[in-house]
Student: 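Just dropping this structure here.
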Amino acid sequence: MPVTVPVRRPAPPVAPFVLALRRFPNPRLTGLGAGLFASATMVVLGLLDRLLLDGSPIVYGLLFLPVSALTALWVRTADLVTAPISVPIAFAVGVVPISGGAGGFGGQAMAVVTALAVQAGWLYGGTLVAGLITSVRKVRDMGRRQRAAAAVGARAARNGSPGAKGAPQAQAVRRGAP
């Protein structure tokens with residue numbers, strides 16, 4: 001019986017943009033790590049915004065969007081649900097330096113609440129970015145798992161193993177036959 005060797009197809013050409021994206025770091029942060037990353041980044045950006053631009057809310061909001069995207073891209077697949085939760089918390093933590101409150105704790109708290117209310121559009125936008133990215137990642141992961149399970153089932157059915165769906169031995173066991 002002749003031995004057949006599977007023929008590998010050449011890989012499709014990859015766009016230069018995709019090649020550039022593959023050179024970026026690809027860390028996988030836990031849920032807690034993603035929250036800490038987003039919070040620490042937003043505090044640093046808030047402090048730099050206060051120092052360099054006198055607390056510009058537009059610049060802070062614009063910088064929040066890529067932080068939201070990176071947090072959603074870098075969180076582990078098992079912790080995807082944490083990214084849209086931790087991103088708004090990071091926004092609130094980072095808005096403290098640019099809120100501009102005075103007069104003690106009460107004045108600072110009122111300034112933070114006011115800043116959050118005024119910048120709600122940026123907050124919702126960043127949360128939406130994180131939610132969309134994590135949703136797409138989850139759907140792709142579910143499809144990948146489904147294709148892998150189908151491939152295992154097809155391989156088992158082709159080999160006639162007892163674990164395959166439709167194999168006579170497996171059906172007899174399910175019916176209670178000896």
Student: Report yes or no: does Tyr60 contribute a side-chain atom to a donor-acceptor pair with the main-chain N or O of Leu45 at less than 3.5 Å?
Tutor: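 Absent.
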Student: Test side-chain contact (heavy atoms from CB on, under 4.5 Å) on Thr71 and Ser86 and set out the steps.
Tutor: CA-CA 9 Å; Thr71 302; Ser86 61; 4.3 Å; yes
Student: Does Asp79 offer a backbone N or O that forms a donor-acceptor pair with the side chain of Thr82 under 3.5 Å?
Tutor: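 Such a contact is found between Thr82 side chain and Asp79 backbone.
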Student: Kindly say whether Gly131 contributes a backbone atom to a donor-acceptor pair with the side chain of Thr134 at under 3.5 angstrom?
Tutor: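 Flag set: sc Thr134 to bb Gly131 pair under 3.5 Å.
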Student: Measure the shortest side-chain to side-chain distance between Gln119 and Phe91 over non-hydrogen atoms and say whether it is less than 4.5 angstrom.
Tutor: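 Answer yes - side chains close enough.
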Student: Hey, what do you get for OG1 (Thr127) to CG (Leu132), rounding to the nearest 0.5 Å?
Tutor: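 Answer rounded to 0.5 Å: 11.0 Å.
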Student: Quick one: does Ser56's side chain have a donor or acceptor within less than 3.5 Å of a partner on Leu53's backbone?
Tutor: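 Such a contact is absent between Ser56 side chain and Leu53 backbone.
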Student: In Å and rounded to the nearest 0.5 Å, what is the CD1 to CG distance from Ile133 to Leu73?
Tutor: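 One finds 4.5 Å between CD1 of Ile133 and CG of Leu73.
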Student: Mark yes or no for whether Arg50, through its side chain, and Gly55, through its backbone, hold a donor-acceptor pair below 3.5 Å.
Tutor: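 The answer is no, because no donor-acceptor pair under 3.5 Å joins these two groups.
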Student: Using modelled atom types and a 3.5 Å cut-off, is there a donor and acceptor pairing between side-chain atoms of Arg137 and backbone atoms of Ala72?
Tutor: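 A pair under 3.5 Å: yes.
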Student: In Å and rounded to the nearest 0.5 Å, what is the CZ to CH2 distance from Phe37 to Trp74?
Tutor: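 Phe37 CZ to Trp74 CH2: 5.0 Å, rounded to 0.5 Å.
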Student: When you check the gap from the basic side-chain N to the acidic O, do Arg145 and Asp141 get nearer than 4.0 Å?
Tutor: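 Judged by the 4.0 Å cut-off on N to carboxylate O distance, Arg145 and Asp141 do form a salt bridge.
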Student: Taking the side chain as everything from C-beta on, heavy atoms only, tell me whether Leu63 gets closer than 4.5 Å to Asp49.
Tutor: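 Sidechains of Asp49 and Leu63: no contact.
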